[in-house]
Structure formats: C-alpha cells, structure tokens
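Chain letters run A, B, ... following the sequence lines, proteins first and then strands; every chain starts at 1. Owing to the predicted nature of the structure, the values given are computational and were not obtained by experimental measurement.
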Amino acid sequence: MLRDFFRRVLALMKKEFITIWNDPKTKGIIIGLPIVQLLIFSNAATMEVQNIDVVALDRSKSVESRELLSRFENSPRFRNFYYVENEKDFKKKLDEQKVQIGLMINNDFARDIKSGSIAEVQVIADGRQTNSASIASGYASQIIAGYGAEVSHQKSGAGINPSVRNWFNPNLEYKWYILTVIVAMLSLVTTLILTALSIARERELGTFDQLIVSPLSSPEILLGKSIPPLIIAMLLTMVMTGIVILFFHIPFAGSVILFLVSIFISLLAIVGVGLYISSICNTQQQAILSVMTFMMPAVLLSGFISPIEDMPVFLQYLTWLNPVRFFMVLTRGIFLKGMGLEEVITNLIPLIIIASITLTLAGRTFKRKLG
Amino acid sequence: MMNTVEIKNLTKTFGKITALDNFSLNIEKGKITGLIGADGAGKTTLLRTIIGLLIPDKGKISTLGFNPVTQKNELTPHIGYMPQKFGLYEDLTVIENLTLYADLKNVPHNFEKMLEFTKLAPFQDRLAGALSGGMKQKLGLACTLLGNPEFLLLDEPSVGVDPISRRDLMQMVREMINPETTVLWSTAYLDEAHSFDTAVVIDKGKVIYEGRPHDLAPTPQEFENKVIELMGGYKQEPSKIAENYEYGIPSHPNPRPQGARGNIYTVEADNLEKKYGNFYAVKNNSFCIQKGEIFGLLGPNGAGKSTSFKMMCGLAKPTGGTARIMGVDITKDPEKARSNLGYMAQKFSLYGTLTVRENLEFFASAYGIKFKNRAAKVQEIIEVFGLKDFAEQKSEELPLGLKQRLSMACALIHNPPVLFLDEPTSGVDVITRRDFWNHITSLAKKGVTILVTTHFMDEAEYCDRISLFYKGETIALGTPQELKDKAGASTMEETFITLIKESEGDNGK
Amino acid sequence: MKILFALIKKEIKQILRDPSSIIIAFVLPLISILIYMYGINLDSVRVTMGIKNDDPNPEVATLVKSFGHSKYVNSIYFDNVKDIETAIARSKIKGAVIIPNDFSTKLSRGQSADLLVITDGSEVNTANYVQSYAISIANSWLATSKYAASAGRPAINTQTRTWYNPDLNSHYFIVPGSIAITMTLIGILLTSLVVAREWERGTMEAMLSTSVKTIHIVLGKYIPYFILGILSLTFNIFLCVVVFQIPFRGNYFVLLLVSGLFLFTCLGIGLNISSVLKNQFLASMVAMSLGFMPALMLSGLMFPINSMPVFFQYLTRILPPRYYVSFVESEFMAGGVNSIRFENAVYLTILGLLFFAAVYKNTSMRLEKDSSNHMREMMPERQVRG
C-alpha cells in the first residue's frame with residue numbers, strides 16, 4: 001500500500017519536474033529572473049540617503065557662511081549645489097525637484113556668531129518625500145551643529161553624549177537588511193506563481209480530468225503537486241542566499257540547519273496558499289489575478305516597509321494570516337541576529353498552521369470542484 | 001480565369017519536417033474540392049499557405065490571382081476561411097459573433113437568412129461557448145460565409161459533429177454559395193468527400209490523387225476503400241495490442257453476476273441523472289453492459305453523452321442514480337471504481353510538453369506498475385502501439401492520429417477490464433480509424449468491456465449494442481440490426497436520422 | 001474605422017462577461033489604498049524600546065518618565081543588561097537606552113554625560129528611529145531639567161521646515177504614489193494575457209483571414225483596456241481625494257492627462273509581453289518581474305532614486321512608474337509645477353510610443369515571422385484595379 005503511494009507520488013513529481021525543467025525558457029525565467037532582480041534591487045534600493053542636491057541662499061555672504069557651506073560641499077552625502085540670489089529662484093529649485101533640501105542663511109549670520117548670540121540657519125526639506133526629506137535634513141542639522149560647536153564662544157557645558165551601538169549590523173548598512181527581505185520576496189513570487197498556475201493549467205488543458213480518473217488520490221496529487229515547486233523554491237532560495245553571503249559579504253550569524261528548516265516551512269506555507277488558489281480557479285488568468293490580490297497585501301503588510309507593531313491593531317491581527325510576515329522575520333532573524341531555537345519555533349508555529357490549513361483546503365477543494 | 005488557386009513546386013518546411021514537398025495543384029473555379037489525407041499529410045499547412053497565413057519556402061502560388069505573400073491584405077476580403085477551432089469568441093453571443101465578423105468583413109448586418117438556415121434564430125442571445133458542438137460549427141460556418149466570399153476554405157468543419165448537423169452543414173454551404181464560388185473543404189469523412197466535384201488526396205506533402213470522386217469509385221464505401229489503397233492500403237493484422245493485453249481485475253475480483261441469463265454485468269448505469277437548475281442534462285439513464293461487450297453511445301451533439309460519460313467515470317457527480325464499474329459504486333468509492341477503468345477523453349489530454357515515453361512512464365507509475373517492471377512495460381507498449389519512431393518526441397508535436405493512439409496506450413497501460421472511449425476517432429484519418437477499431441474489437445474479444453461514443457455511423461456497426469441518446473434520454477437501445485429494423489433503414493446513418501426525427505415528432509405532440 | 005469599432009466593441013463585451021478583470025480594476029485599488037493608508041507609515045513610527053537606569057538620582061527618574069510620555073515610544077523598564085539582550089534578540093524591543101550611574105553627577109558638574117543607545121541593527125529603518133527618538137527625548141529632557149542652566153547653548157540654531165507637507169504626513173505622498181504601483185499592476189496584468197489567449201483559442205487565425213489590419217488589432221486591444229484603466233484610475237483618485245481626504249493642490253485635468261499617458265505605457269508593456277510570450281505561465285512571471293517589483297522598488301516611492309548608484313539611476317529611466325511617481329506626488333502636494341509636469345509627460349510619451357511601436361511590430365499578421373522577402377520576386381502579383 002505504502003509502496004504504491006510513494007510510487008504514484010514520485011511519478012507525479014517527476015512529471016511536474018519535467019514540465020517545469022525541460023523548457024529552457026521556463027528554467028531561465030524561474031532561476032534567472034529572481035537572481036537578476038536580486039542584484040538590481042539590492043544595489044538600487046537603499047534608505048541611506050545619498051547624492052543630496054542642495055540649493056543655498058546665502059544672504060550673509062560672510063567668511064562664516066561660506067565656511068559653513070564648504071562643510072556641506074565636503075560631505076560625501078551632498079552632491080550638487082545651486083547658489084541662488086533670491087527667494088524666487090530658491091523656491092523654483094525646490095518646486096522643480098532639482099534639489100532635495102534648501103539652506104537659507106540670514107543677513108546677520110556672521111554678526112550673530114561673532115557677538116555670541118544665536119545665529120539661525122533654515123533648512124527646508126521637500127515634503128513630497130517625507131522620509132528621505134527628514135533624513136536629509138537630519139544630516140544637514142548635524143553638519144550645522146558641528147560647525148556651531150566649533151565657533152561657539154562658550155565652553156561646553158552639561159550635555160548628553162549619546163554613544164550608539166547597533167547590534168547585529170554595526171554600521172547600520174541598509175543592504176544587510178534589504179537583501180534578506182528581497183530574497184524572501186523573490187522566493188515568494190516564484191513559488192506562488194509556480195504553484196498557483198499548476199492545477200489551473202491542468203484544468204484548462206483538460207489533463208486534470210485524466211489525473212482524477214487515474215488511481216491517484218487527493219493526498220497523492222497534493223504531495224506530487226507541492227513537492228517539486230517546494231524543491232525548486234528551496235534551491236532558488238539557497239542560491240540567492242549563497243549570492244548574498246559570497247558576493248555581498250554579509251555575515252551569516254545563525255544556524256544553517258535552523259535556516260534551512262525555516263525556509264522550508266515558510267515555503268511550504270506559501271506552496272499551500274498557491275495550491276489553494278490554484279484549486280479554486282478554473283483558468284490561469286483567474287489564478288494570476290488571485291495571486292496578485294494575495295501577494296500585494298502580503299508583501300506590503302509583511303513589515304518590510306513599515307513595522308507591524310506600528311499598524312492598527314486590526315491589521316496586526318490580519319498579519320497573523322500572512323506567511324510572508326513570518327518568512328521575513330525568520331530569514332532576517334536567523335541570518336542577521338542568529339535567532340535561537342525557541343524564537344524560531346514561535347515563528348514557525350503560525351507557518352505550520354497556515355500550511356496545514358491551506359493544503360487541506362486545497363486537497364478538499366479540488367475534489368469538490370468536480371461538479 | 002479558370003483556376004482559383006494555382007500552386008507550382010511549392011515547398012514548406014517546419015524545422016526538419018517537410019509539410020509540403022514540391023507541391024503542385026490547381027483548384028478550379030466554381031467547384032467544391034474535397035481535401036483528403038492522413039493526419040500530418042499537410043492539409044492545414046496547404047490551406048494556411050493558400051491564404052497567406054504561412055509563407056512558403058519556395059515555389060509559386062497564386063490565389064484568386066493574388067500573391068498571398070505580398071498581397072495578403074488585398075486577398076483577404078475575397079475569401080472566407082474557417083480554421084479548425086472555428087474562430088468563435090466563446091464569451092460572445094451568437095448574434096454578437098455574427099455582428100463582429102460582419103463588421104470585420106465590412107458587410108451589412110442581414111442575418112435573418114443565415115439564422116434561419118442555421119436554425120440558430122432561437123439561440124441568438126446564447127453565448128457561443130454554451131452552444132453544442134454542432135451549433136458551434138454552424139455558427140462558425142455562418143461567420144465564414146458572411147459577405148459571400150469568392151473562395152471558401154473550410155478546415156475539417158465536420159470533426160466531432162453528429163450526422164444530422166453534418167448534413168445541415170453541407171446543405172448550408174451548397175445553398176448559400178453561388179455558382180461562381182470556389183470551395184476547398186478538408187475532411188476526414190469520405191462519404192462527404194465523395195459528394196464533391198473534385199477530390200484531392202494528399203500524402204506526405206504530395207498530391208497522390210486529383211480528380212472526380214466518381215471516377216475513382218461509384219459508391220462512398222468503395223471510394224473509402226480506394227482512398228485507403230491510394231494512401232498505402234490497410235492490411236488487417238491481428239491486433240498486437242489485444243495480444244499483449246492480459247485480462248485481470250486489479251482491485252475487485254468479483255463482478256456481480258446478474259441478469260436473467262446469469263450474465264456478468266461489468267458496467268451498470270442505474271437511473272443516472274444530472275440536473276442543472278431546472279434543466280435535465282441526463283435523465284433516467286440506465287443500461288447494463290456485459291463483459292466483453294462493445295457498447296456504443298450515440299446521439300446528436302449536446303444530447304448528454306459526455307455528461308453521462310463523465311458521471312460514469314466519476315468526473316462529474318450525478319444528481320441522482322449511480323453507476324457501478326465491476327460492481328463498485330462510483331459515487332461511493334470512486335477511487336476503487338476507477339482503478340478498473342481505462343479512460344480516453346474526447347479532447348487530447350495528455351501532457352503536451354512531455355515526450356511519448358515520459359507520458360507512458362507517468363501513467364504506468366500512476367497506475368502502480370512497479371519500478372523494476374516499468375521500463376520494460378513502457379518499451380513493450382511503445383512497440384505494440386507503433387510509437388517507436390516517436391518515443392522521444394513531445395506529445396504536443398504529434399499528428400492527431402498518433403496523439404489518439406498514445407491516449408489509448410495510456411488508457412490501456414494497466415490492463416483495465418473496462419475501457420471508456422469518448423470519441424476516440426474524432427478527427428482521425430480513415431486508415432488510423434480502421435486500425436483503431438481493429439484493436440477495439442480484438443480487445444473486446446479478450447473480455448474487455450468497452451463503452452464508446454462516436455459520430456461516425458459506419459463505426460456504430462462495430463458495436464454489439466447501441467444506446468441512442470437524445471435530449472438527455474435514451475430513445476432506443478439494441479443491436480445495430482435491431483435499430484435499423486426499427487427505423488426501417490438500411491444504413492446506420494439513416495437509422496440515426498430517422499429515429500431522432502421520430503423522437504422529435506413525438507416530443508412535438 | 002468600422003473594423004476598429006467592431007473590435008473595440010467585441011473586447012468591451014468580453015471584459016464585461018468575465019468579471020475577473022473588472023474586479024481587478026476596482027477591487028485592487030481599494031485594497032491597495034486601504035493598505036497604504038492604514039498599514040504603511042513612514043514617519044512618526046512607534047517603536048518599543050527598553051530602558052535601564054543605573055542612576056539613582058530622582059531627577060534622572062524624570063528622564064525615564066519622559067520616555068514613557070513620548071507618543072512615539074513604548075518603553076519597557078529593564079533591570080539588567082542580560083534581559084535587554086534577550087529581548088532584542090527576540091524582537092520584543094527594537095532597542096534600548098541605558099543610563100549610566102554617573103549620569104546625573106556629570107551633568108551637575110557641567111560635563112557631558114554618556115547615554116548608551118542600543119539598537120537592533122537588523123531592522124535598519126527602525127534602528128534609525130530608535131536612535132533619533134532616544135537622542136531627541138534626552139535632549140529635550142535636558143533643556144527642561146534643572147541642569148538646563150549649565151547646559152551648553154548652541155551657537156547656531158537650525159530651523160527645519162518641510163515644504164509641501166508641513167505636517168510631515170507620509171500618507172500625503174505614499175497614497176497618491178501608490179496609484180503608480182496599482183496602475184502598473186493593473187495595466188500590465190490586464191493586457192499581458194489577452195493576445196496570448198486569442199492565439200490559444202484560435203480566434204486570431206480566423207481574424208487574420210478577414211480584412212483586419214495590424215493597426216486594427218493593436219488599437220482594438222489598446223483602446224478598450226485604456227478605457228477600463230482610466231475608469232480604474234479615476235476610481236483610485238476618487239478614493240484618494242474624496243474618501244481618504246488626501247490634499248490635492250494640482251489640476252484634475254492635467255492629472256488625468258498625464259495618468260492617461262502613464263496608462264498608455266503600462267498597457268504597452270503588457271501587450272508586448274503578451275504578443276512575445278504565448279505561454280501564460282511565462283507571461284505572468286515576466287509581468288510580475290517587470291510590473292509589481294520594479295514599481296515597488298525602483299519607482300522612487302519607497303527608495304529615493306537619487307541615492308541609488310548612478311547605473312541604477314539610469315536603469316530607472318526606462319521604467320514608467322518612476323515618472324509617474326514624480327509627477328503624481330508633485331501634482332498632489334505642490335500643485336502645478338509646469339517643468340515637472342512637462343518633463344514627466346514627455347518621457348512617458350516617448351516610452352509609450354516606443355512600446356506602442358514594439359507592439360505593432362510584434363503583432364504578426366501571419367502564423368509565423370515574416371522573414372522571406374525572397375518570395376516577392378518569385379510570384380506574380382495581381383494588379384488591383386480601381
């Protein structure tokens with residue numbers, strides 16, 4: 001009995017592999033596209049605001065104001081400088097997004113510094129991009145404060161000297177963070193499309209009838225349909241992780257075994273979602289549209305763009321249904337933080353529940369769909 | 001101009017395959033020309049090349065005086081072409097399809113005559129996808145005939161169509177065209193071809209016969225034999241498939257002995273019923289099939305044959321009644337019931353991207369053939385089914401006849417005691433069809449119970465018993481001779497038409 | 001004209017028959033706006049952090065309290081460093097502040113006191129918030145504490161103003177910007193399968209044997225989906241402005257005009273995918289890779305384009321969402337800035353026309369690539385009279 005079971009599952013698996021793997025175009029797209037995207041997105045997507053362009057209106061035109069501006073010019077974060085003579089031009093540069101921030105130095109800047117009264121500098125940020133604007137204006141304030149401390153007549157008094165330690169990522173390199181996110185996201189996309197279309201495609205082509213008529217039982221079809229995409233997705237994730245470690249030199253802090261187990265179970269949950277989608281759809285088009293409707297919220301609410309703790313309570317509960325959330329916590333946690341067993345298990349439990357529910361539903365649905 | 005089409009020394013290849021080989025042919029104006037040939041002989045390629053959908057490698061071609069390669073835009077307004085899939089938008093209604101094609105051909109919206117002819121008037125607002133096969137074909141033809149094209153090309157318009165619809169189709173073409181119109185009609189039905197002005201038989205990309213069908217043979221039956229002869233002949237040999245078959249009942253050893261004479265009924269339909277809303281697709285369908293019997297399910301398109309079929313093998317749930325295969329109730333234990341079953345679907349439904357061998361291997365293991373026996377079994381089947389030269393080819397690239405043969409091989413791989421064949425010969429050339437029936441009858445002799453549907457009425461003669469199905473109900477059941485006697489007809493085709501018309505008359509009262 | 005009209009009518013009927021594309025056109029924008037509105041927040045993010053106070057001075061206790069009072073910080077009090085370590089490792093807290101035992105002593109002596117800030121560097125964004133919140137809370141505490149008098153006074157005071165968005169509300173640009181992502185998705189998804197489907201179902205073959213010309217087929221696909229897309233877009237803008245009250249300072253006519261251009265480019269991408277790849281699986285993989293992901297990562301909505309390495313900045317130039325994000329944010333928040341309108345409109349037009357030309361070229365009027373010019377000379381052509 002058991003032997004027959006394995007024999008049939010293996011047969012189905014082999015068939016699935018051949019269909020996916022025999023077509024060079026498909027193979028290229030499944031493996032090639034994610035890797036190209038990994039390389040592009042990881043290099044391009046950064047929150048470390050760089051190349052800031054500045055417009056400056058220097059009304060003081062003093063040694064001091066020029067000195068302050070030269071501090072900006074010497075900072076690697078700032079790139080192009082536009083010196084304007086009036087507010088109209090100043091506003092125009094900002095309006096047209098030629099610059100990200102503006103600096104306005106008043107007439108009495110030099111006098112105030114010399115006289116020991118507080119000089120004022122205005123930093124104007126472009127609020128059309130509040131996040132990079134506030135980061136850029138933060139850099140600007142630091143430079144101004146640094147210059148201010150130098151020219152200050154007063155000996156430094158009581159103050160707070162913060163010393164910051166960033167654990168797991170000492171230099172707060174954005175790349176470390178975004179790479180783990182992108183690996184998870186790309187595995188998600190590939191796995192979902194791979195599984196969501198698989199039953200829908202067989203339905204469209206009529207081959208699913210042939211499968212049903214054969215002695216393959218629902219659990220056998222389910223296994224045969226879920227293992228090949230799982231293996232391919234595992235391979236893809238491992239290749240991408242390898243690239244992250246080798247080419248981006250990001251230290252792998254955690255346990256390799258825990259990492260493998262975690263991505264396996266995460267992918268299993270995603271396979272479950274994909275197969276469930278596939279089992280309720282009659283055509284590939286419906287399947288693709290459903291994938292989109294699932295994926296967009298799943299990616300956006302995974303905590304990668306804004307932290308889950310910051311979401312309204314209702315949405316926080318909703319993210320418990322989102323396998324991507326746990327997938328990202330696990331990859332990032334094990335990769336960068338060396339997450340321990342106990343913590344890994346806490347995150348695996350929801351994934352296991354999601355996987356078992358979706359897979360059961362999928363198995364039931366494609367049988368019930370017979371009409 | 002005497003000839004609508006003039007082709008000289010035309011060659012067309014696809015990769016390594018030569019579809020048309022130094023091909024020359026003239027098609028006379030104002031005549032109906034039948035195009036006959038085995039699957040993969042190059043019929044579709046020829047039609048497509050004539051209207052410029054394909055570009056030949058070398059040679060000369062002129063259609064209505066135009067060069068289809070450079071003057072496709074000038075040529076298309078003069079022709080009507082119906083591809084194999086008829087080109088209907090299934091999510092548009094009948095009238096919407098007609099309107100669309102009328103607009104595309106820039107002709108006025110006068111559909112009354114067309115709707116009357118096709119008898120589609122009552123269904124104008126039905127989606128084309130919801131029409132029966134026969135009605136779809138008529139609609140496709142109606143769309144093609146719009147604008148009275150000078151030259152009509154029909155690519156196997158009668159595949160999968162019941163005899164009544166086939167007659168209607170033929171009549172439609174004859175009445176809708178004027179004497180100047182040229183028709184090129186590719187077909188697998190030789191009785192159809194026999195009634196045309198000219199017959200062109202092509203084989204392996206070359207013309208092997210061109211002339212009046214009556215010059216070749218006076219009757220359709222003899223014509224069929226002559227054509228088979230031209231195509232290399234068919235010699236009936238003992239079926240290797242049947243020889244190779246070992247009768248065995250994999251999972252249920254005791255079919256129920258039943259019936260007055262203690263017959264063993266291997267397949268039973270017990271008041272099968274399928275209801276969609278208020279509409280009965282199948283109603284009170286009951287029959288019993290004995291071991292080793294060939295049971296034919298005949299009926300017009302849309303009569304409910306496929307639905308019955310699907311319910312019998314557990315692909316659709318009956319709303320009432322049940323079916324038993326080898327005594328196992330299909331609604332109670334579908335998996336067990338199906339393990340006794342070989343199923344060949346109407347539409348080719350094997351994995352197109354897998355090779356012939358891979359498909360067989362898959363089904364062999366899906367049906368539980370042990371690994372160590374598998375390779376040998378698959379090899380044996382490849383040889384027995386004559387698939388040796390194609391074993392490593394992707395199945396989607398095979399010609400239709402070979403696809404059907406492969407489907408049958410997959411259905412038989414586990415030696416099932418019961419075989420369900422849904423239009424196994426639809427769209428298959430005449431030699432392959434004869435070959436197929438040789439296997440089917442030989443298998444039945446070895447004890448395989450066979451349930452089969454077909455639209456070829458000559459094939460119905462091979463069946464031991466026939467159930468004639470109409471509007472969801474059985475209207476006649478018996479041996480072919482009994483049915484013929486009942487209808488007072490000499491051929492199965494006449495019988496079919498008479499019995500259906502009678503039943504329609506009854507319903508009218 | 002009649003032919004084109006018939007094809008458009010046909011396509012519209014098909015769209016209406018299959019509810020899935022309509023659902024996508026209206027449900028997707030709704031879901032996505034809800035998510036961007038409530039699920040995504042790029043400023044004033046609340047973080048949970050730990051505090052450990054080693055200084056028994058009661059004045060310092062008020063510093064601990066001010067962490068508790070901050071509306072951006074959720075503070076948890078810890079007694080030992082070990083617990084902080086575990087809490088960070090388990091992501092219970094995103095960072096911690098440790099006040100050393102000589103904190104008040106140093107301040108009262110007029111010296112600068114150390115304050116240890118620890119962050120969870122694995123989440124870089126949050127780590128940055130932890131840093132800046134901790135420092136600014138400590139500084140504002142110092143300014144109001146009894147040590148304020150002896151505190152150093154800055155020589156230069158920096159006044160930061162944020163133009164176009166004085167409330168610093170990230171939703172004001174994220175929500176309009178999300179239209180770019182949603183519309184890329186809709187534009188590409190709707191069209192990426194439609195041509196492939198006609199080939200699969202054999203309707204293309206029938207159509208090619210009628211008087212239909214390439215331009216009819218191409219426009220017959222563009223126009224109906226453009227209409228659907230514009231409806232979806234209008235719905236999207238309606239949700240933004242009327243339902244979620246995102247301030248709009250621009251001109252509705254210009255907004256629709258440039259949005260139309262953007263839609264035109266997206267439809268072009270989808271139709272190209274569809275006419276090149278006739279396999280639905282591949283088409284959807286490529287649609288995802290060219291649609292959703294780049295729109296999210298490379299459009300400038302989430303990650304500033306200026307900060308990317310130069311090569312990747314150039315790469316974003318071939319992506320339509322980039323131009324649309326820039327335009328739509330500016331149109332909503334700054335109102336009419338003609339140079340931004342003009343520049344983005346021009347780029348979108350160029351891209352749109354390029355894609356259109358590619359669709360035209362990829363729409364074959366035969367069943368195979370038109371490659372054999374040699375056939376022209378070999379065959380006679382019929383002279384068309386009149």
Side-chain angles (χ1 to χ4, degrees), chain A residues 29 33 41 43-46 49-51 95-96 118-125 127-128 130-132 137 141 144 148 151-152 156-169 172 174 177 189 193 197 284-286 288-289 297 300-301 305-307 310-312 315 332 336-337 343, chain C residues 20 24 35 38-43 45-46 90 107 110 112-119 121-122 124 126-127 131 135 138 142 147 150-152 154-165 168 170 173 193 280-282 284-285 288-289 297-298 303-304 306-308 312 329 333 337 339:
Chain A
I29 282 183
L33 264 186
F41 296 151
N43 279 300
T46 174
V49 179
Q50 301 278 349
N51 306 326
D95 274 348
E96 295 179 353
I118 298 175
E120 290 223 335
V121 177
Q122 278 187 47
V123 176
I124 287 113
R128 281 169 287 192
T130 46
N131 54 332
S132 48
S137 58
S141 314
I144 296 167
V151 296
S152 172
S156 61
I160 289 172
N161 174 30
S163 68
V164 178
R165 267 173 232 159
N166 302 305
W167 288 0
F168 317 118
N169 182 359
L172 274 195
Y174 198 73
Y177 169 70
V189 172
I193 296 182
L197 294 190
Q284 296 187 67
Q285 193 190 359
Q286 287 172 1
I288 292 165
L289 297 180
L300 295 175
L301 297 179
I305 294 170
S306 77
D310 192 42
M311 292 175 189
L315 280 183
R332 191 170 56 227
L336 297 179
K337 293 166 76 171
E343 188 64 7
Chain C
S20 65
I24 278 298
I35 289 174
Y38 298 111
I40 296 212
N41 180 14
L42 295 181
D43 44 61
V45 173
R46 272 187 80 87
R90 294 198 176 167
L107 284 179
S112 83
D114 287 335
L115 183 70
L116 186 61
V117 179
I118 298 167
T119 72
S122 73
V124 177
T126 325
Q131 262 184 45
I135 294 169
L142 182 64
Y147 311 109
S150 60
I156 305 175
N157 182 19
T158 312
Q159 282 189 339
T160 305
R161 300 231 180 99
T162 309
W163 283 6
Y164 319 112
N165 188 357
L168 268 176
S170 62
F173 76 88
L193 302 176
Q280 298 194 54
F281 168 75
L282 297 181
S284 46
M285 271 299 277
M288 283 299 302
S289 312
M297 310 290 289
L298 302 179
F303 303 101
N306 259 333
S307 307
M308 297 175 188
F312 297 98
E329 286 177 355
M333 304 177 67
V337 181
S339 72

Distance-minimising heavy-atom pair for A:R128 and C:V337: NH1-CG2, 4.3 Å

Measuring heavy-atom distances to chain C, does A:S163 have an atom under 4.5 Å in its side chain, in its backbone, in both, or in neither? both

Counting heavy-atom pairs closer than 4.5 Å to chain C, which one of A:S141, A:G148, A:A119 comes out on top? A:A119

One option among A:I144, A:L336, A:V121 has the most heavy-atom pairs under 4.5 Å with chain C, and it is A:V121

Among C:R161, C:M333, C:M297, which residue forms the greatest number of heavy-atom pairs with chain A at distances under 4.5 Å? C:R161

Turns out that what part of C:I24 lies under 4.5 Å from chain A's heavy atoms comes down to side chain

What option among A:D310, A:N166, A:N169 has the most heavy-atom pairs under 4.5 Å with chain C? A:D310

Quick one: of A:A125, A:S137, A:P312, who has the most non-hydrogen atom pairs under 4.5 Å with chain C? A:A125

Residue part contacting chain A, namely of C:V45, when any heavy atom lies under 4.5 Å: both

Shortest non-hydrogen separation from C:P304 to A:V49 and the atoms involved: CG-CG2, 4.5 Å

Output the distance between atom CD1 (A:I288) and atom CE (C:M285), rounded to the nearest 0.5 Å. 11.0 Å

Go through the atoms of C:I118 and report whether side chain, backbone, both or neither lie under 4.5 Å from a heavy atom of chain A. both

Side-chain contact, heavy-atom cut-off 4.5 Å: C:M288 with A:L33? no

How long is the straight-line distance from CG of C:N306 back to CD of A:Q50, given to the nearest 0.5 Å? 10.5 Å

Please flag which part of A:L315 lies under 4.5 Å from any non-hydrogen atom of chain C: side chain, backbone, both or neither. side chain

From C:L282 atom CG to A:I193 atom CD1, the distance as rounded to the nearest 0.5 Å: 10.5 Å

Roughly how far, to the nearest 0.5 Å, is CD1 of A:I160 from CG of C:L115? 6.0 Å

At a heavy-atom separation under 4.5 Å, does A:L197 approach chain C through its side chain, its backbone, both, or neither? side chain

Part of C:F312 lying under 4.5 Å from any heavy atom of chain A: side chain

Of the backbone (N, CA, C, O) and the side chain (C-beta and beyond), which part of C:I40 lies under 4.5 Å from a heavy atom of chain A, both, or neither? both

To the nearest 0.5 Å, tell me how far C:W163 CH2 sits from A:D95 CG. 7.5 Å

Shortest non-hydrogen contact between A:K337 and C:S122, atoms and distance: CD-OG, 3.2 Å

Residue C:E329 versus chain A: region with a heavy atom under 4.5 Å: both

Check A:G127 against C:F173 and note the closest heavy-atom contact, atom names and distance. O-CD2, 4.2 Å

Select one option (side chain, backbone, both, neither) describing which atoms of A:E96 are under 4.5 Å from chain C's heavy atoms. both

Between A:F41 and C:L298, does the side chain to side chain contact (heavy atoms under 4.5 Å, CB included) criterion hold? Intermediate values first, please. CA-CA 7 Å; A:F41 296 151; C:L298 302 179; 3.7 Å; yes

For the candidates C:T162, C:N165, C:V124, which exhibits the highest count of non-hydrogen atom pairs separated by less than 4.5 Å from chain A? C:V124

How many angstroms lie between atom OH of C:Y164 and atom CD1 of A:I124, to the nearest 0.5 angstrom? 9.5 Å

So which part of A:I29 gets closer than 4.5 Å to some heavy atom of chain C, the side chain, the backbone, both or neither? both

Residue part contacting chain C, namely of A:P162, when any heavy atom lies under 4.5 Å: both

Nearest heavy-atom contact between C:G39 and A:S306 is O-OG, 3.1 Å

